[in-house]
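Some notes on the structure that comes next.
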Amino acid sequence: MKTHKAKRVAIIIEAPMESRLTDALEKAGVTGYSILPVLGGSGRSGSWRRDGQVGRAGGMVQVVSIVKEERLETLLNAAFEMVEHHMGVVTVSDCEVLRAERF
Amino acid sequence: MKTHKAKRVAIIIEAPMESRLTDALEKAGVTGYSILPVLGGSGRSGSWRRDGQVGRAGGMVQVVSIVKEERLETLLNAAFEMVEHHMGVVTVSDCEVLRAERF
Amino acid sequence: MKTHKAKRVAIIIEAPMESRLTDALEKAGVTGYSILPVLGGSGRSGSWRRDGQVGRAGGMVQVVSIVKEERLETLLNAAFEMVEHHMGVVTVSDCEVLRAERF
Amino acid sequence: MESIFALAGQNLSSPIILSFVLGVFAALARSDLSFPEAAAKAMSLYLLFAIGFKGGASVAAYGLSLNLGMAILAGLFLSAVLPFVAFFLLKILTSLDTTNAAAVAGHYGSISIVTFVAGTSILEAQGIASEGFMVAVAAAMEAPAILSALWLVARSKAGQTNGGAQFDRRLLQEILFNGSIVLLVGSFLIGAVTGERGLASIESFIVAPFQGVLCLFLLDMGLVAGRGLRDGGRVLKPGIFVFGVVMPLIGAMIGLALGAAIGLSAGGVALLMVLSASASYIAVPAAMRVALPQADPAIYLTLSLGITFPFNLVIGLPVYVAVAQALLGGSS
Amino acid sequence: MESIFALAGQNLSSPIILSFVLGVFAALARSDLSFPEAAAKAMSLYLLFAIGFKGGASVAAYGLSLNLGMAILAGLFLSAVLPFVAFFLLKILTSLDTTNAAAVAGHYGSISIVTFVAGTSILEAQGIASEGFMVAVAAAMEAPAILSALWLVARSKAGQTNGGAQFDRRLLQEILFNGSIVLLVGSFLIGAVTGERGLASIESFIVAPFQGVLCLFLLDMGLVAGRGLRDGGRVLKPGIFVFGVVMPLIGAMIGLALGAAIGLSAGGVALLMVLSASASYIAVPAAMRVALPQADPAIYLTLSLGITFPFNLVIGLPVYVAVAQALLGGSS
Amino acid sequence: MESIFALAGQNLSSPIILSFVLGVFAALARSDLSFPEAAAKAMSLYLLFAIGFKGGASVAAYGLSLNLGMAILAGLFLSAVLPFVAFFLLKILTSLDTTNAAAVAGHYGSISIVTFVAGTSILEAQGIASEGFMVAVAAAMEAPAILSALWLVARSKAGQTNGGAQFDRRLLQEILFNGSIVLLVGSFLIGAVTGERGLASIESFIVAPFQGVLCLFLLDMGLVAGRGLRDGGRVLKPGIFVFGVVMPLIGAMIGLALGAAIGLSAGGVALLMVLSASASYIAVPAAMRVALPQADPAIYLTLSLGITFPFNLVIGLPVYVAVAQALLGGSS
Ligand SMILES: Nc1ncnc2c1ncn2[C@@H]1O[C@H](COP(=O)(O)O)[C@@H](O)[C@H]1O
Ligand SMILES: Nc1ncnc2c1ncn2[C@@H]1O[C@H](COP(=O)(O)O)[C@@H](O)[C@H]1O
Ligand SMILES: Nc1ncnc2c1ncn2[C@@H]1O[C@H](COP(=O)(O)O)[C@@H](O)[C@H]1O
Ligand code: NA
Ligand code: NA
Ligand code: NA
């Protein structure tokens, strides 16, 4: 099966910032992303969990976007601006994709 | 700690296709996989989110399978057949696993 | 954008072991982790799904931790001890992170 | 005619309609108001269980008239035939290709159970009796339309090339045993078997809070429909919009004729009109994603949930009830 | 005997049993009918809160007889001892190794709260009174069985090698403060403190809709149990199956003897039989995954949820009630 | 004074308070008792819908006195001004920097709807009437405090450097159309439009089970608050703790003065006191994470949910009601 090099960017970000981040990604020309739930976690600012919570503050979501290498820099700039003053983790890893025409 | 090379295949696929995909993976000799929820996303066919939805159409799930390198090709062929006419993203990345005897 | 090498450790573990694992990670000096839900899956011990379940047995969660390379070994030792007698999958992959000072 | 407007006006000011309107408004105003997926699904399970059980219990109470068989046959027939009518209409009104037109047509042969539930609420509010077995008819109408839609694709050129319709035994079993059919039929049978005694034991769960749950569920549907209109509005060409409003009326008329022909009561005829007029937005879309992946879901979901559902809820239902009552009702 | 069959027949045609049957059927038919995990958990929280509160309120109303202490001691004793009986029986009937046999045995010393709830429903339907504090006994019976099971492993050869039972303070605190114990005891105390006035203020939430929620919950349990039987059927060797049916009967008999000995009412004895007969499928499996990871969960979950739970629900409960009533009830 | 203690004692032994206490206890005991996020959110949607609708229906029944406009203005004013009071108090009592103090202050100008709901429960239990439109006042008080808090940061040195407050049109629209405002106002309007007839149709959903749902919701809030105290306790310096107890009393006094001045009934004044005394823990924290990311959420969440909420629930509410009743109530 023919595969193509791409980058997988995963951004764990505070839930109240989700729509701002995805808008920024769209502006940066990202063609697709998926939003994954996060149940809880721990970091420098303490630990949290979603159980029983009503408000969105005090919760994170993960936004994953597979992009062509050439779009990476723009995406990271957009992402960085969003997480700059906020909690959040941005990781990039290499991957291979099927159907490269989709990215 | 001794680790072993393996491949991590992540397939984001339409929810109504989930069981067909996992059956295909099992037929392809995959020994294990996990199904992760996806809350929403955006792609060439527009954006979506699960909030408030009752039906499974208009939603994706992510199927993740860790496989030995030698099983990758069979797995990708099986996966490709499932996503061919469907929305969906297939990515492969390198990883290391503990307890290689399990894969 | 300046990125830094790091390791992404993903541990799929039985839900009743979750807090033991995260405690072990904290003891091992891990500065952060996130817990992701898993809806279902299949492995050597059969298949399962969370739908309609009340108890935590018969379910897995995924704990993801991004760590500096030098912390990897300690983390893996801690993780291994937890999964040793249990179902579970431990994978490690390379990644790049923004804001390395956070890890 | 005047009284129909009065009815529509009265309908418009019921909590369930206004809850739906609130949901649409909130979605259009980009409010973050939303129901968790689990809550939406739980409410829909509750509504299916309650409406099925009550139908069954009512059959147990008033006896199973011979009509049940006839009504189910009528339902199967309507579900199988309406897609052809819809397909024909779509070919006239819109420029959709065969695959998309067939996919949409399948939705209009099948039914929306919440529209049915809202219809029964109006009947109850107006004190019009109806056959309890109409929920069984509703269940019967879920599936055949899908087969008609797939047949429409299979016999076309598009069906011969390009993958066409992906139909197999597995899909058939998924369609026949889909959750809402199983729950509706199952709770209908439970209601029928346990009868009055069974109903008495769970009445304060399935009867008393029913209208309130329906309000919240319609609020949620308004949120989803409004979001769909906001994002999917691009597919709403005038011809498509017209179809979404005209097709339910045509469906209702065919339902009226058939219902009257087989001798249903005025209430039963009204419900058959409602079922014929309504379009699926749960079972059929899922089946279409599997069987006709080339068809654009934005088209059929926007039409079914964004146009036809609100149209029926706000305007259609009171009209169907009034017409059935005028033509077939004894008094009032 | 005859009247027991009549009772079982009547029980069989109650909405709660039929809902369970519907769930099993749907799972076996591979329907996609399912409850979201959050909805299942919410229903179980509701049932625990309601049953605990009602028990407490009834204690407040009828006073705390001296029996409470005795009954709790009896419960602790039953929970601690029944695993030994079960272990012995498993060694006779099956070829399970010590670890698996002990893990299963732990489940049968502990209890299934929904079986208890269904038991109280039958008592209520038949107008048989029972001690309100039986919910506290239920809570008391959750945990000791786990310790017995772990002890069975620890003293065996398997316990000395291979990791054995992973028992520590942390596990003990998890077991003692597990969610269902805390909620059951907590709401029992709230009911006891707030009494009649408290009950009046939330009666239309915890009493009126109770049976209906129980129906939906049993529907969900049927789905889960049916799925378990479908996938876990491979573990169901004849000996195992026999154990799943015989053990509850033995448990019930021991419960009967002890309940009668400490002077509980006929209803209270019936409930103690139910508790003894039932097997845990929430708290114990979770503890076993931590403490006895080598034990195969398919065995204990299939047995507890797939065999013993349905057996008790359909056949056991009416029998236990009838026996208790025959031996200890004044009239009937 | 004595009677206030009696009231507080009676309040303390109500199921809703005890449920909250149970939740706190379970969290501190590290029990795994927890509500799924979806269930918690569903309960909160139910409570908002029910309280809004009932308020609207009561306005429909008793007419819209001229006071509505005045009361809403009073609410807007209180919400905008209380943050300045809170900020001033924080600067005296604590060593919080400007950003954190402003963030906390914003929470105390805004409101906690569940505190309001618990307040209406006490009024109802004591048979004290109140203006139905107070829910509209509650909605009006949600947002202005956020703007005051951001202004406090913007005019400070911290505001000029370090990013300061991130305020824009988008945030404004998010605040104004946040889910709880839309649902509260929307259901209030639906209740007002459909009136008595509407209320009758869904009364057994929004009235009868209301207290029971409130119990479970408070149990959940106890779990979350207890967890917060366990993990966030480190921020609880004495000055901060004192603020969390004194600020609600000051708020309540200001609310009392204003409510009496505009001529609200004793019940209405009590509710305005409750609103002024309560602190937001849903809408404001989310807005602060966006606009003041430098502020530490552990501080404002622990204060609002861990200190002020329980204080109001257990001690504040009965006091506010008793004071309003003593000063303004006709009899009793
Ligand atoms: N190293 C990490 N690996 C995975 N998730 C992390 C990591 N660090 C932080 N997080 C997540 O981000 C949240 C906020 O992190 P922090 O800003 O460090 O408090 C945590 O609660 C975790 O959910
Ligand atoms: N590049 C991508 N990265 C991550 N998820 C994607 C990507 N493209 C598509 N998706 C997911 O797949 C869904 C369907 O994609 P599409 O077929 O492009 O409409 C989207 O709504 C996303 O959830
Ligand atoms: N190769 C794999 N890839 C992804 N997930 C796996 C894999 N193997 C096992 N799992 C997950 O771990 C669970 C237990 O695996 P096992 O111990 O093999 O039964 C499975 O049900 C899956 O959820
Ligand atoms: Na139809
Ligand atoms: Na037992
Ligand atoms: Na306030």
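Protein chains get the first letters and strands the later ones, always in sequence-line order, with residue 1 at the start of each. Worth knowing before you read on, the calculation uses all heavy atoms, side chains too, and leaves out hydrogens, waters and symmetry mates.
Looking at Ile16(E), there are no atoms closer than 4.5 Å to chain D (heavy atoms on both sides), in backbone or side chain. Heavy atoms closer than 4.5 Å to chain D are found nowhere in Ser121(E), neither backbone nor side chain.
Inspection of non-hydrogen atoms places Thr194(D), Arg197(D), Gly198(D), Ser201(D), Ile202(D), Ser204(D), Phe205(D) of residues 194-218 of chain D under 4.5 Å from chain E.
Options Ala39(E), Ser14(E), Gly23(E), Pro15(E) differ in how many heavy-atom pairs under 4.5 Å they form with chain D, and the most are formed by Pro15(E). Contacts with chain D were tallied for Ala42(E), Ala38(E), Ser34(E); Ser34(E) has the most, counting heavy-atom pairs under 4.5 Å.
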Distance-only criterion, 3.5 Å: show the donor-acceptor pairs between side-chain atoms of residues 137-150 of chain D and protein atoms not counting sequence neighbours.
{"from": "Glu142(D)", "atom 1": "OE2", "to": "Ser180(D)", "atom 2": "OG", "distance (Å)": "3.1"}
{"from": "Ser148(D)", "atom 1": "OG", "to": "Ala80(D)", "atom 2": "O", "distance (Å)": "2.7"}

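Of all heavy-atom pairs between Lys41(D) and Pro36(E), the closest is CB-CG, 3.8 Å. Nearest heavy-atom pair, Ser187(D) versus Leu22(E), reported as atom, atom and distance to 0.1 Å: N-CD2, 4.0 Å.
For Arg227(D), there are no salt bridge (charged side-chain N to carboxylate O under 4.0 Å, His left out) partners two or more places apart in sequence or in a different chain. Under the rule for a side-chain hydrogen bond (donor to acceptor under 3.5 Å, both in side chains), the partners of Thr308(E) that lie at least two apart in sequence or sit in another chain are Tyr108(E).
Judged purely by atom type and a 3.5 angstrom limit, Gln173(D) uses its side chain to pair as donor or acceptor with the backbone of Arg30(E).
Counted within 6.0 Å of CZ on Arg169(D), heavy atoms from surrounding residues, nucleotides or ligands total 12 or fewer; the atom is thus considered open.
Rounding to the nearest 0.5 angstrom, the gap separating the CD1 atom in Ile190(D) from the OG atom in Ser19(E) is 4.0 Å.
Looking only at side-chain heavy atoms (C-beta outward), Leu33(E) and Leu45(D) come within less than 4.5 Å of each other. At a threshold of 4.5 Å between non-hydrogen side-chain atoms, the residues Val182(D) and Asp32(E) do not count as touching.
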